[in-house]
Enquirer: 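One structure coming up, written as structure tokens, with questions to follow.
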Amino acid sequence: NAGVMQNPRHLVRRRGQEARLRCSPMKGHSHVYWYRQLPEEGLKFMVYLQKENIIDESGMPKERFSAEFPKEGPSILRIQQVVRGDSAAYFCASSPVRLAGVETQYFGPGTRLLVL
Amino acid sequence: RKEVEQDPGPFNVPEGATVAFNCTYSNSASQSFFWYRQDCRKEPKLLMSVYSSGNEDGRFTAQLNRASQYISLLIRDSKLSDSATYLCVVNTRGDYKLSFGAGTTVTVRA
């Protein structure tokens, strides 16, 4: 049973470009969470999605960031017009049930975004 | 004030030593507590849950002090493979958001 998959693992963008990060949850999981880890900081919750629904995006920056989890395909975290401050590791987690405790949130290997 | 605060370390200890460190949390309504381990440039992995009465998992012992709002992790008989960053994670019951500390780095030397 494959774990949570994220790609790309590393992404380099120049300021002003767009970044698209993909997350495929574990088989049978319909809940996806995105976290961001800035250098020397803890992971910070960004957004919680179910298939075709954004449940909670309270941790998302108001501008340039968006997320989706379509009926088919992976969840996408999209960052438009990237700036150097967006450089971070972006982790996706998935779970089979809502309001999961941490035991049932499984993390992917992360995408490391570097903005030049 | 940060939701979860940890001493960043690093804690440099020889093999076989005991090392212990704490984390404090600000939300008194927090109900679930965990220690995660994060190896360099990898994803966090659950190490152990922390229960009110304290609990052990092999060489690892976790304690919870609700009155003072801190949790601790103790590692006995340290191994080289214990070198990692240990993340304190707090979850308020019914809330799927996990609050992570910035981590405590432990380096075990031969």
Side-chain angles (χ1 to χ4, degrees), chain A residues 3-7 9-11 21 23 25-26 29-50 53-60 87-114, chain B residues 1-10 21-27 29-52 55 57 62 64 70-71 73 84-105:
Chain A
V4 178
M5 298 175 68
Q6 290 187 248
N7 66 81
R9 296 290 303 276
H10 301 274
L11 183 61
L21 288 63
C23 168
M26 287 180 72
H29 289 192
S30 58
H31 304 262
V32 166
Y33 313 82
W34 284 93
Y35 293 83
R36 176 167 67 174
Q37 186 175 33
L38 294 169
E40 310 303 322
E41 293 190 18
L43 279 74
K44 295 288 193 294
F45 169 83
M46 298 182 74
V47 62
Y48 163 36
L49 309 104
Q50 293 179 29
N53 283 305
I54 297 174
I55 306 302
D56 181 353
E57 56 181 348
S58 59
M60 291 274 273
S87 296
Y90 293 82
F91 289 99
C92 165
S94 74
S95 73
V97 295
R98 191 184 171 184
L99 305 182
V102 68
E103 297 97 319
T104 53
Q105 283 190 36
Y106 300 87
F107 282 85
T111 293
R112 276 150 188 84
L113 172 65
L114 175 63
Chain B
R1 184 183 174 188
K2 291 182 179 178
E3 289 187 61
V4 181
E5 297 206 55
Q6 293 184 250
D7 180 347
F21 42 89
N22 296 338
C23 112
T24 58
Y25 58 95
S26 62
N27 188 341
S30 299
Q31 295 293 323
S32 303
F33 309 89
F34 310 90
W35 285 103
Y36 261 65
R37 170 190 172 129
Q38 186 174 27
D39 293 295
C40 186
R41 304 184 71 76
K42 295 200 173 173
E43 72 272 27
K45 292 185 178 177
L46 179 64
L47 178 66
M48 62 194 297
S49 302
V50 185
Y51 302 120
S52 296
N55 50 297
D57 184 357
L64 168 63
Y70 76 84
I71 65 175
L73 182 66
T85 297
Y86 291 85
L87 308 177
C88 176
V89 182
V90 175
N91 180 272
T92 303
R93 178 178 291 170
D95 187 355
Y96 39 78
K97 298 178 198 175
L98 304 182
S99 297
F100 283 79
T104 296
T105 298

Enquirer: Can you tell me if B/Glu5 has over 12 outside heavy atoms packed within less than 6.0 Å of its CD?
Expert: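 Yes - once you tally the heavy atoms of other residues, nucleotides and ligands closer than 6.0 Å, there are more than 12.
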
Enquirer: List in chain and number order the residues that pass salt bridge (charged side-chain N to carboxylate O under 4.0 Å, His left out) with A/Arg36, two or more places apart in sequence or in another chain; answer none if no residue qualifies.
Expert: none

Enquirer: Taking atom types as modelled and ignoring hydrogens, do the side chains of B/Glu43 and A/Gln6 form a donor-acceptor contact shorter than 3.5 angstrom?
Expert: no

Enquirer: Is the shortest heavy-atom distance from the side chain of B/Lys97 to the side chain of A/Ser58 under 4.5 Å?
Expert: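 Yes, their side chains come closer than 4.5 Å.
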
Enquirer: Heavy-atom count check: over 12 atoms from other residues, nucleotides or ligands less than 6.0 Å from A/Met5 CE?
Expert: no

Enquirer: For residues A/Tyr35 and B/Leu98, report the shortest heavy-atom separation together with the two atoms involved.
Expert: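 Of all heavy-atom pairs spanning A/Tyr35 and B/Leu98, the closest is OH-CG, 3.4 Å.
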
Enquirer: Between the main-chain N or O of A/Arg112 and the side-chain N or O of B/Arg41, is there a donor-acceptor pair closer than 3.5 Å?
Expert: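 It does not hold such a pair.
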
Enquirer: Give me the atom names and distance for the closest heavy-atom approach of A/Phe91 to B/Gln38.
Expert: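 Reported closest heavy-atom pair: CZ-NE2, 3.6 Å.
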
Enquirer: Excluding sequence neighbours, so at least two apart, what forms side-chain hydrogen bond (donor to acceptor under 3.5 Å, both in side chains) with B/Thr24?
Expert: none

Enquirer: Which atom names give the shortest non-hydrogen contact between B/Pro44 and A/Phe107, and what distance separates them?
Expert: O-CB, 3.9 Å

Enquirer: Please classify the contact between B/Gln6 and chain A as side chain, backbone, both or neither, with a heavy-atom cut-off of under 4.5 Å.
Expert: neither

